[in-house]
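For ligands, and for the atoms within them, numbers begin at 1 and follow the listed sequence. Quick note: numbers below take in every heavy atom, side chains included, and nothing from hydrogens, waters or symmetry partners.
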Amino acid sequence: MKFDTIVRGGNVVTPTDTTVTDIGIVGEKIAAIDFGLVADADTRVIDATDHHVIPGVLDVHVHLELPFCGTVSSDDYRTGTRAGARGGVTTLIDFAIPYAGDSLAMAADNWMKKAEGKALIDYTFHICITRWNEHKDQIKGMVDRGFTTFKEFMIYESEGWQSDDRALFGTLEKMKEYGTMLLVHAESARVLDELIARHHTPELMKKYGAQLHAMTRPNFIEAEAIQRVVMWSEVTGGQLYIVHMSTAEGTEIVKAAQARGVPVIAETCAQYLVLNDDVFADKDGHLFACCPQLKKPADSARLWEGLKDGEVSVISTDTCTFTREQKAMWAGDWTKIPMGMPGLETLLPVAYTHGVLDKKISLEEMCQKLSTNPAKIMGLYPRKGAIEIGSDADLAIIHPNRAHKIAPSQMETNADWSPYEGWELSGFARTTLSRGEVIVDDYKVVGKAGRGRWLPRSYAGLAGSNAEPRMSRLSRGPLSPLRAALIESLVSQ
Ligand SMILES: [Zn+2]
């Protein structure tokens, strides 16, 4: 076979084994995985000796150029996707949110425009349902257009995004009908509002500052909401995905629900694994405000355990970047902090350094949580998410221990701060390939803005798959005829 590119001699992580071998690429696809592939005169050979070669990362929870908290998140599709590429991210999924009077289709069109001409890596969107009465009859049209994941927020009444139980229940019924999946931001709005109101006094704000963000969001705020929406998933059979789960209590609820056969999947984010709410006491504590907020070390420990055991299936970032100047809008009132952090650039480095090098998860488990599981759950497998013949040649080549010190001035993100500033992290991409093209070379972004493509989808979650409900086993398991046909159709696109 004649190859356009050969990635030579790396420690390659495939769904079946990890071994030193070569990867042969023809056009945009992986065409061979075998040792000693032969290059001809035109073949580009990328030396991966003494490096890990892993599937490109999917960050399935990202907000670029999002109007939120009275401002607009500062990483757009140009800087956000460059930041991702440097961290080995080759696919991202953003959230298309309809604004005043917008239909779901208009929200998707709006987000398409943000990405076109700017995106360096491939992308698609979760479609947010913010006004159930208006949007419920538009869901099927979005499925037909290639969107298979939807999102509802149990909070954010002031942004006009909040869904009530009627909307959650009704959407989950539709997810069951269409074989699609509902993502939910689970926090208990009414009790949260009450706790915020009780603490919103000049005296307490002066005394506690940004610590009030954590003080008004005790763990039960998340746990109660997860429990409630899990019930709606259980009775409707609609596939549910809990985004950015941050608590030990939430993890236990999801584990118990999965054991009962409830079609619920959970995601956590890098920041909940390695940071805790002590940061809010620092001078710059307000910078760390994100939603849900950082929790305790015991919560992080339980989330790592959940990743290992399987009840937590995905690590993402909830990237929503705000600069120091934007964060300064808070002026001492924690309810006015633009909530969110940069994350795309550091997802793989944090997971690799604090997961793999710290021996909390194996290299293979990390690839499942960052690539294979998110691709399968979001309906992008086998095109994305694994090093397999026929898949897109999306690869990250990382040095096993070469560390970079985190310095915002040397990063691709627009953020002028980082939650990990000064940390030494390994796992930045020496080389990133997207559909066979080198977009990061020697740790520098070399790919062109606008080359990234929108990714249509035809399924989500466990629908169309005979995989067992526990995500830890998702990468194994035999293929059903239905699933095999699906994979065939995806590969031949
Ligand atoms: Zn989010």
Considering only NZ, NE, NH1 and NH2 on the basic side and carboxylate oxygens on the acidic side, decide whether [X] and [Y] come within less than 4.0 Å.
X      : Y      : value
Asp122 : Arg435 : yes
Lys296 : Asp299 : no
Asp284 : Lys327 : no
Glu194 : Arg198 : yes
Asp144 : Lys140 : yes

Ring pair (Phe, Tyr, Trp, His ring centres under 6.0 Å) with His354: which of Trp304, Tyr420, Trp423?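 When Trp304, Tyr420, Trp423 are each tested with His354, the ring pair (Phe, Tyr, Trp, His ring centres under 6.0 Å) holds only for Trp423.
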Closer than 2.8 Å to the Zn ion (ligand 1): how many protein N, O or S atoms are there?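 Protein heteroatoms (N, O, S) closer than 2.8 Å to the Zn ion (ligand 1) number 3.
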